[in-house]
Amino acid sequence: MPRRISERVDSIKPSGIRKFFDLVMGRPDVISLGVGEPDFPVPWRIREQMIYSLEKGITSYTSNHGLPELREEIVRYYRKFGVEANAEDVIVTTGVSEGIDLVLRAILNPGDGVLIPEPAYVSYKPLTVLAGGEAIPIPTTPNFKPTYELLMRYAKGSYPKAIVLNYPNNPTGVSYSKKELEEIADFAIELDLIVISDEIYAELTYTGKHISIASLNGMEERTVILNGFSKAFAMTGFRIGYVIAPSDIVDAMLKIHQYCMLCAPITAQIGAIEALKGCESELERIRAEYMRRRNFFVKRLSKIFEVRKPDGAFYAFPKIDSYGLSSEEFAERLLLEKGVAVVPGNAFGDCGEGYIRCAYAVSMEKLKVAVDRIEDFVRKL
Ligand code: PLP
């Protein structure tokens, strides 16, 4: 019988995060530092706008691009990260997940290389493969920064078309300064690369200020910005995000989006308008709370492991290799013996081996219990 499943799909592995998520389901004793899901409710004023729109029966499709008012708001909002765009440069997507898929499918020909500094968010590599490209991992451990020299070393001998950046980073929490971004920009310009910049954690920056790489000289015409509402506004279930891109790439992405998605859900788009218009004080409160948790959690973790203080997002990525267990063994035993779920670092690329990812998007009370349990677990190893 001929194989029913495509070779491309057959070649990719299911997400290493989901596996741990499934293990935790139905176990109320477990504290999950596994999945990057905010524990705040969506700010009330956003929910209220969505409820009003449903009461008015606003439930239709929108244009493929997304609601004009939302695209205008996105353009206005992105000025704070140094980017001057037009509403025509924006497509509203069903989350950043769709944005990643769209851009890779829009730009890649079979065999085109995509540079992926690792540890990296789990979807870049498989979506590159599904789009027919070749993922080229660049290990950035131990300091998690893709420097000009490092990038050049790995790009040599391959023919990359694009590089994926994600800062603040999932899973390391690392962000980049203007100088570091300029180095990456120099590299991208020299190799004539498209930069795919996943800025979903931009609002959750605690050290320094988020700068979009698109705002640097010569970068606007080669950068595809991805952002969304899942993290800062906790709108994970609404599936809403956006891309800002040069016009030729927008046109190409729109062709795919109009056939595979048509448009993002209108209720979520209405909520997103309110998020950008009226949630500055909620954002400040949420950011301050995550920062409080980061400070507490990382201080405690640093007594147990070597760990870098994250600049943003809500993940800590401690090094656990001195305990003689692989990342998977460590995560599995911590879950089974102490009821704390974390994600093994190798889920984010080979160079993540020897680390674990802990999401601190849970209450202080739970964080305290979790870190006590981790300490106890390690003491008995
Ligand atoms: N990009 C990064 C770096 C993420 O961490 C996540 C979710 O964890 C996503 C994209 C997916 O976001 P969305 O919910 O907008 O699809």
Side-chain angles (χ1 to χ4, degrees), residues 14-21 32-40 42 46 66 70 74 90-104 114 116-128 130 135 140 144 146 163-176 195-205 210 212-213 224-244 253 257 260-261 264-265 268-269 271-272 275-276 290 310-317 341-343 345 347-349 352 357-362:
S15 160
I17 299 183
R18 282 287 127 184
K19 188 173 129 192
F20 274 77
F21 185 67
S32 178
L33 310 181
V35 183
E37 172 100 38
D39 68 325
F40 295 101
V42 175
I46 298 178
L70 175 55
I74 290 166
V90 178
I91 305 174
V92 179
T93 57
T94 49
V96 171
S97 302
E98 192 210 355
I100 300 166
D101 188 33
L102 288 184
V103 61
L104 291 167
V114 178
I116 306 177
E118 287 184 342
Y121 177 55
V122 293
S123 79
Y124 307 137
K125 206 190 275 179
L127 290 179
T128 296
L130 287 177
T140 65
F144 310 130
I163 178 167
V164 181
L165 297 180
N166 165 225
Y167 63 100
N169 182 270
N170 174 5
T172 65
V174 162
S175 195
Y176 311 134
V195 176
I196 301 168
S197 185
D198 181 344
E199 303 179 13
I200 193 167
Y201 296 101
E203 275 300 345
L204 304 179
T205 299
H210 181 84
S212 176
I213 193 165
V224 176
I225 298 169
L226 307 174
N227 207 329
F229 299 85
S230 288
K231 306 298 172 173
F233 301 100
M235 292 176 70
T236 46
F238 287 99
R239 312 308 307 127
I240 180 92
Y242 53 92
V243 302
I244 306 175
M253 285 193 286
H257 175 73
C260 77
M261 203 59 66
Q269 293 195 51
L276 296 184
Y290 280 134
D311 306 310
F314 37 56
Y315 308 104
F317 201 62
V342 297
V343 181
F348 308 96
R357 188 193 75 174
C358 312
Y360 51 87
V362 298

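Just follow the structure's listing: the first ligand is 1, and inside any ligand the first atom is 1. Worth knowing before you read on, the calculation uses all heavy atoms, side chains too, and leaves out hydrogens, waters and symmetry mates.
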Distance check, rounded to the nearest 0.5 Å: [X] atom [atom1] versus [Y] atom [atom2]?
| X | Y | atom1 | atom2 | answer |
| --- | --- | --- | --- | --- |
| Ile225 | Ile213 | CD1 | CD1 | 10.0 Å |
| Asn170 | Phe348 | CG | CZ | 5.5 Å |
| Thr172 | Glu118 | OG1 | CD | 12.0 Å |
| Thr93 | Asp101 | OG1 | CG | 10.5 Å |

Does ligand 1 have any atom that is closer than 4.0 Å to a heavy atom of [X]?
| X | value |
| --- | --- |
| Ile200 | yes |
| Phe229 | no |
| Gly228 | no |
| Tyr124 | yes |

In ligand 1, which numbered atoms sit nearer than 4.0 Å to a non-hydrogen atom of [X]?
| X | answer |
| --- | --- |
| Asp198 | 1 (N), 2 (C), 3 (C), 10 (C) |
| Gly95 | 15 (O), 16 (O) |
| Arg239 | 13 (P), 14 (O), 16 (O) |

Before we go on, tell me: are the rings of His210 and Tyr201 under 6.0 Å apart, centre to centre? no
Near-ring test Tyr290/Phe40, centroid separation under 6.0 angstrom: yes
Close N or O approach ([X], ligand 1; < 3.5 Å):
| X | value |
| --- | --- |
| Ser97 | yes |
| Asn170 | yes |
| Ser230 | yes |

Please confirm whether the backbone N or O of Ala316 pairs with a side-chain atom of Arg357, one donor and one acceptor, at under 3.5 Å? no
Measure from [atom] to every heavy atom in [options] and give the option owning the shortest one.
| atom | options | value |
| --- | --- | --- |
| atom 4 (C) of ligand 1 | Tyr242, Tyr121, Phe238, Tyr315 | Tyr121 |
| atom 15 (O) of ligand 1 | Val96, Asn166, Val35 | Val96 |
| atom 8 (O) of ligand 1 | Lys231, Glu199, Glu98, Glu37 | Lys231 |

Any Pro38 side-chain heavy atom under 4.5 Å of Met235 side chain: no
Tell me whether the rings of Phe229 and Phe233 are parallel (<30°), tilted (30 to 60°) or perpendicular (>60°). tilted
